[in-house]
Structures are given as C-alpha cells and as structure tokens.
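Sequential numbering from 1 along the given sequence is applied to the chain's residues.
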Amino acid sequence: MANYYTDKPELRFHLNNELMHKIVALREGDFSEAAEYPYAPLDYDDAVDNYDRLLDIVGDITANVIAPNSESVDAEGPHLKNGRVTYAAGTQENLRTMVSAGMNGLTMPRRYGGLNIPITVYTIANEIVSAGDASFENIWSLQDCIETLYEFGSEEQRKKYIPRVCAGETMSMDLTEPDAGSDLQSVMLHASYSEKDGCWLLNGVKRFITNGDSDIHLVLARSEEGTHDGRGLSMFIYDKRNGGVNVRRIENKLGIHGSPTCELVYKNAHAELCGDRRLGLIKYVMALMNGARLGIAAQSVGISQAAYDAALSYATDRRQFGKPIIEMPAVYNILSTMKAKLDAGRALLYETSRYVDIYKSYDDIARSRKLTPEERQESKKYSRLADCFTPLAKGMNSEYANQNSYDGIQIHGGSGFMLEYPCQRYYRDARITSIYEGTTQLQTVAAIRYVTNGTYMGVIREMLAAPVQPAYEPLKARIAAMADKTDAAVAAVKAAGSQEFHDLHARSLYEMTADTVMALLLLRDASQAPELFDKSLRVYLNYAEAEVARHASLVAAAGVDDIALYVQAPAKAEEE
C-alpha cells in the first residue's frame, strides 16, 4: 500500500539529522512526562520512534484518503450559504480522518492535549500532506497559529483555546484588508473596548483570509485611536461561537480550490486581547508570519515532490519514437534538474526548521526557569539563524515549486494542458506560494540585511570548513568559488553607495546566497548518504554555478547610471 512518508527515504534521512538529539533533549528534558502521559517517550530512541510512527500515519492517510480526494475537492471547492462556509465533501472526509487519528495540536504541550512533537517533525507532516493536496494542507496546517497564542496569550487563554485546537477545531489568521495587503501597517479594522460587554468589539472588513470561517481566529486590528501605523495595532482572539463575523464571499481563485479564501465582515464581534496592546504587528504578527512562511516552504516542497513524481511516472510510461521518453536527453535533463531542486530546497527547509525548533525550545524553557548564560547565548544564535534562513526557505522553495510544476507540464507535453492530468493542478496550486505570506520580493527584503552584513557568508565559510569525503573535495572547491563570486558581488553593490542600486540588485544577491547555501547543504547530505543525494548534488551544482555566474555578471556589468534603464515612468498625456 502506498505511503507518502515511507515511500520517500529522504524524509526519514532528515528526521534523523544529528541536531535532533539536541532538539529532543530540549523538548523532553529528563523525559519525566512519561510517568504522567503513557504516550510520552522514555528516551531519545523512543521519541524518534514515536515521530516515525506518527509520520507513517500521516503518510498513509495522505496516500489513501487525501490524495484520492484531491481531484474531486479541486472540482467542487467550498460552498457559501448565509454567511457560512461548507467544505467540499472530500475536504470534510480529510478533516474527519486526520482528527480521528489525533493529528491536531501536534506541537502543543501534553498538558493542553498536544503531542509535544518538534516543529521539524510537524514540518515533515506538512510537506507530506501538501504532496497529497496543497489546498487541504492550507486548512489543516493553520493549527500552527496556536503557536502564537501559546507564546503570547495568557495561561487562561491557553487553557481555553489550545485543547480545542488539539481536539480538531480549525484556525485562521486575519491580517489582510482591501487596502492593506503587504503593507500591514495600514490595517484599519477597528477594535474598541466595551465596558458594557466586558470585551473588545471588532468592526470592519478583512480580505483574502485563508480558511476564513474557522473556529478560532487571530485578528490584527487597530486598537489605538488616531494612529495610522504599526504602533497602533494589537492582536485579538475571535471565537466563532460568539458570532459577529460573516463571510461575504469566497474568492474565485486560480488554484488551491479546496481552501476557502474569504472576505469577512466584522460587526461588533466580541474578541479578547492577545498579549499586550500596540505589539500586534511589531511583535506578534512577525512571529505568526515566520511560522506561516515555514509552512509555505513545506507546502512548496510538497508540491515540488508531487510534480516530480507525476512527471517521472509519465516519462517512464510514455513512449515516442520506439522508446520511453525518459531515455531522451531533453527529458531526463528536465527530470534530473527537478529532482535536484527538490532535494536542495528540502535540505534548506529542514535546516531552517531545526533552527526554529532549538530557539523556540529555549523560549519555552525560559517560561519555567531562568536560562543559563550559555543557554541564552545558544538561544540567541539559533534565533538569528532561524530569522535569516526562513526567508531563504520560503522564497526559494516557492520559486522552485513554480519552476518544477511548470517543467512537470512540459514533460507531459500536450497532455499536461488537459485537465485529466493532475500536473495542471500542481501548476495552479504552486502559483500562490510565491505570493502569500510575503512575496518572494518581500522575502528578499527580509533577507538582504543578512546578506550585506555578512551573516550568511559567515555560515557559508563555516560550512566550507567542515570535512567531506575525499571524492567530494573537487565539488567543495567549486562551491567555494561560488561563495567568492557572491562575496565579490555583495562588495560591489555596497561600494556603489546607492540605496536604489542596492535594492535593484538585492534579488540577485539573495539568490546567489541561497544557491550557495543549498549547494553546501546538499554536499553535507551527500557526504552522509550518497545513495540518496549524490546525483542531485552534482546536477544542482551545475545548475547553481551557472545561476551564480549569471547574477555575478549582471551585477558586474551594471552601474548606478544604469538604474534609469529599469525605471518605468508613467506615460505623459499629450499637451493640447
């Protein structure tokens, strides 16, 4: 029987990364919870075995329920009646199956009904579900919003809401408005405190809200009268049981049809303040978005995997000119590049998730005791690594999902343009990944300071200093040359002394850095498991070398005076 976890040995490889020892130790402490919770692990091996069995269940459900339902879900989509959303029949079955299997609130502490699994394990589950149906992953994975409530909410709020999510209730994050997309400082949904009702009242409109008719919402709203920037925004918890919010419409989208993207109307909706006033955007949304960006990176890798699997299967079966098309160089070149990007992006995804795991574990420990100076230093280190790697993981994997799904259709030829083949759905579903939760351009903005201040290059040089198998030394030297070209391009952009020139070439510097980091991660993985990653390393290095050279040439050839070539001035009206 098919299983989307056990059929992919690369996933078990990433589960068994050496950093998991540190992650499990931080997550489980002295393993004392085994005395209170029979499902808690006794030691490290028991913990990893638990994770393995959980992912086996997710892989089985994805292969035998979620994936078979995906085409009907895509065709049917959600329904809207009297301001309420009903999921497609297949989505409802998917949710029932996952809830019955206990696959909710996975990362939450056991005292609230969770399983206390690391974020890395949850991220693997996200990838698996996305390979079956990215639109269902959008609904199921929003349980991750509970991380923000757990981190910033009161103990009373944790006890009230977290068990409900662990029991299967759904969540959403209500941020975007008709006039506030990427510019969340412009959010104007109004929050006012009612002494009469003893709660906050929310009024206004939210737009493009994924799973907008969920049970529990985290809402960004303007709580401070007379403000117009991020300092006037707070985070609120809205409970659907209290009423006051209706769905005005479900957006008619290009892809992810099973996921309802809603326009919401708030009319005196009762809500609770989450955390402190005025920190909604400055602190809480940033934490919420970083979690969401890791989720979209996982979704992107899942779509890449699905696109590659479909293309590989088709190329193996399809015969032209008397042989399977997979034997043709034009075809196997595309397939090998798809697989290389998949493996490179996945390596970046799980490196990032491990960094997030470690610093969040220290944050959790700090709630119960004071961290030692050594622990504080390590927490700061991994927090910084997570902050700089997250925009790389989200941006590059979403771009690779778009490229791989495009190439997947190309492998199918004319058949790929027909709706009978799922490759067209992967293509449609992939397109949003480089847009929502921050476009690739915004990921570049988030990452570029770490490019120019040397943070990434420090990581790159540290990785280059690590030993590899002798057979890989020539490949390591090639990656070192890529790093040198990236360093030189960064220096050239900084030397120009122009912010506009810096912004114009930021994307090139971002991609050069990401290409070099992913090549190094694949080098490390191939050194440990050449049977899984040797081919992808070599193919990806050929690809990444060419990309770095292209960007380096573009930066070297440009000058500050060339900025005018790129400026698109509006046409002037003819004078009468």
Side-chain angles (χ1 to χ4, degrees), residues 15 20-44 46-55 57-58 98-99 101-126 140-171 173 215-216 218 235 237 239 272 274-275 284 287-288 290-292 294-295 353-371 375 379 382-383 386:
L15 175 64
M20 287 302 293
H21 287 273
K22 178 185 287 290
I23 291 167
V24 171
L26 291 170
R27 199 85 181 179
E28 296 295 342
D30 60 1
F31 295 95
S32 59
E33 288 198 354
E36 185 176 356
Y37 303 97
Y39 54 90
L42 299 169
D43 53 31
Y44 173 79
D46 193 25
V48 174
D49 183 61
N50 283 350
Y51 307 153
D52 191 66
R53 285 187 283 120
L54 181 147
L55 293 171
I57 293 169
V58 174
M98 292 293 268
V99 171
M103 296 298 130
N104 293 82
L106 298 180
T107 62
M108 288 293 98
R110 296 182 185 95
R111 65 183 180 275
Y112 301 119
L115 296 180
N116 200 47
I117 70 166
I119 289 167
T120 297
V121 181
Y122 172 67
T123 302
I124 296 174
N126 256 345
W140 178 75
S141 72
L142 276 167
Q143 63 178 279
D144 187 56
C145 293
I146 204 64
E147 287 277 349
T148 300
L149 191 151
Y150 172 65
E151 189 172 352
F152 301 112
S154 67
E155 182 59 20
E156 180 183 357
Q157 290 170 336
R158 294 185 190 118
K159 291 177 178 178
K160 179 179 179 180
Y161 293 109
I162 295 177
R164 288 171 55 183
V165 174
C166 293
E169 292 196 27
T170 57
M171 293 196 73
M173 50 180 180
D215 299 302
I216 302 165
L218 293 181
M235 180 72 75
I237 305 167
D239 186 344
E272 302 174 33
C274 182
Y284 308 144
L288 190 64
N290 275 338
L294 190 65
S353 71
R354 289 186 286 266
Y355 294 156
V356 173
D357 251 326
I358 293 172
Y359 98 80
K360 280 189 171 288
S361 292
Y362 276 124
D363 283 353
D364 203 25
I365 291 169
R367 293 187 180 95
S368 58
R369 67 164 174 84
K370 188 176 181 180
L371 297 179
E375 288 173 330
S379 175
Y382 282 101
S383 177

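- Of all heavy-atom pairs between A125 and V58, the closest is O-CG1, 4.0 Å.
- Taking the charged nitrogens against the carboxylate oxygens, E33 and R111 have no contact shorter than 4.0 Å, which rules out a salt bridge.
- In this pair, Y150 and Y112 present their aromatic rings perpendicular. The plane angle is above 60°, beyond the 30 to 60° band.
- Formation of a donor-acceptor pair under 3.5 Å by the Y122 side chain with backbone atoms of S141 is found in this model.
- The CD atom of Q143 sits 7.5 Å away from the CE atom of M98 when rounded to the nearest 0.5 Å.
- Nearest heavy atoms, G168 versus V99: CA-CG2, 3.8 Å.
- In this structure, T170 OG1 and R164 CZ are separated by 9.5 Å, a value rounded to the nearest 0.5 Å.
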Problem set entry | Stepwise side chain to side chain contact (heavy atoms under 4.5 Å, CB included) test for D144 and L294 | CA-CA 10 Å; D144 187 56; L294 190 65; over 6 Å; no
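- Note that the CD1 atom of I117 and the CG atom of D357 stand 9.0 Å from one another [nearest 0.5 Å].
- Y284 and C274 make their closest contact through CE1-O, 3.4 Å (heavy atoms, listed as atom of the first residue, atom of the second, distance).
- Residue A366 comes nearest to L371 through the heavy atom pair CB-CG, 4.0 Å, listed as atom of the first residue, atom of the second, then distance.
- Closest approach of C145 to L218, counting heavy atoms only: O-CD1, 3.5 Å.
- Within the 4.5 Å cutoff, side-chain heavy atoms of E151 are placed close to those of R367.
- Between the side chain of W140 and the main chain of M103, a donor-acceptor pair closer than 3.5 Å is present.
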For this session: Before giving the answer on side chain to side chain contact (heavy atoms under 4.5 Å, CB included), spell out for M20 and Y44 the whole-Å C-alpha distance, their side-chain angles and the decisive distance to 0.1 Å.
Result: CA-CA 9 Å; M20 287 302 293; Y44 173 79; 3.7 Å; yes
Exercise. Can you list the steps and then say if L288 with M235 is a side chain to side chain contact (heavy atoms under 4.5 Å, CB included)?
Worked result: CA-CA 11 Å; L288 190 64; M235 180 72 75; 4.1 Å; yes
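- The structure places CG of L42 at 11.5 Å from OG of S32, a figure rounded to the nearest 0.5 Å.
- Within 6.0 Å of CD on E156 lie no more than 12 heavy atoms contributed by other residues, nucleotides or ligands.
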Problem set entry | Chi angles and distances behind the side-chain hydrogen bond (donor to acceptor under 3.5 Å, both in side chains) call for E28, N116 | CA-CA 8 Å; E28 296 295 342; N116 200 47; 3.2 Å; yes
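- In this structure the side chain of L115 never reaches within 4.5 angstrom of the side chain of N50, judged on heavy atoms.
- Checked options I124, T120, V121, D46; the residue passing with Y51 is V121 (criterion: side chain to side chain contact (heavy atoms under 4.5 Å, CB included)).
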Problem set entry | Worked verdict on K160 versus E272 for salt bridge (Lys or Arg N to Asp or Glu O under 4.0 Å) | CA-CA 12 Å; K160 179 179 179 180; E272 302 174 33; 2.6 Å; yes
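- The CG atom of N290 sits 9.0 Å away from atom OG of S383, with the distance rounded to the nearest 0.5 Å.
- Separation of atoms OH (Y39) and CZ (R110) is listed at 6.5 Å; rounding is to 0.5 Å.
- Closest approach of N126 to G295, counting heavy atoms only: ND2-CA, 4.2 Å.
- For the pair V165/M108, no side-chain contact is recorded, criterion being any heavy-atom separation below 4.5 Å from C-beta on.
- For N104 (side chain) and A167 (main-chain N/O), no donor-acceptor pair under 3.5 Å exists by modelled atom type.
- Q157 contributes a side-chain N or O that, together with a main-chain N or O of S154, makes up a donor-acceptor pair within less than 3.5 Å.
- Inter-residue side-chain proximity for K360 and T107 is flagged as unmet; no heavy-atom pair is nearer than 4.5 Å.
- Residues D49 and R53 are in side-chain contact: their nearest non-hydrogen atoms beyond the backbone lie under 4.5 Å apart.
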